[in-house]
Amino acid sequence: MADPKPESEVTIEQRLETLESELHERRRSEAVKDSIILEYQQALSDAQFKVAVLNGQLKLANQPTA
């Protein structure tokens, strides 16, 4: 069999560079998504704490007086 043509090697190298570039972009996108998810989780946690405090205040306010 004959050795592959240099053009096919360049094509493979170009394809590899393209795939590496796409992979880098996807990893960066995933990092951004992860940071957004963490922000949402923190906001949800904060909101749940506020709801718990308000529920406690509501229970205290609705207690029958002696």
Hey, could you give me the CZ/CG distance between Arg26 and Leu19, rounded to the nearest 0.5 Å?
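If I round to the nearest 0.5 Å, the distance is 9.0 Å.
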
When rounded to the nearest 0.5 angstrom, what is the spacing between CG in Asp34 and CD in Glu39?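 These two atoms lie 11.5 Å from each other.
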
| query | Got a sec, which hydrophobics cluster with Leu38, joining ILVMFWY side chains under 4.5 Å apart, including via others? | reply |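 None; Leu38 is a cluster of one.
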
Query - Lys59 side chain reached by Asn62 side chain, heavy atoms, under 4.5 Å - result: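 No - every pair of side-chain heavy atoms lies 4.5 Å or more apart.
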
Next item on the list: Determine whether Leu44 and Tyr40 make a side-chain contact, defined as any pair of heavy atoms from C-beta on separated by less than 4.5 Å.
Entry: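 With C-beta onward as the side chain, the pair stays apart.
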
Between Arg27 and Glu30, is the salt bridge (charged side-chain N to carboxylate O under 4.0 Å, His left out) condition met? List the steps. CA-CA 5 Å; Arg27 285 182 176 162; Glu30 287 297 317; over 6 Å; no

Fill in: N/O donor-acceptor pair under 3.5 Å between Ser45 side chain and Gln41 backbone
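Absent.
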
Notebook entry, point to check: Taking Leu16 as the fixed residue, which of Glu13, Gln14, Glu20 is the one that meets the side chain to side chain contact (heavy atoms under 4.5 Å, CB included) rule?
Noted result: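 Result for side chain to side chain contact (heavy atoms under 4.5 Å, CB included) with Leu16: Glu20.
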
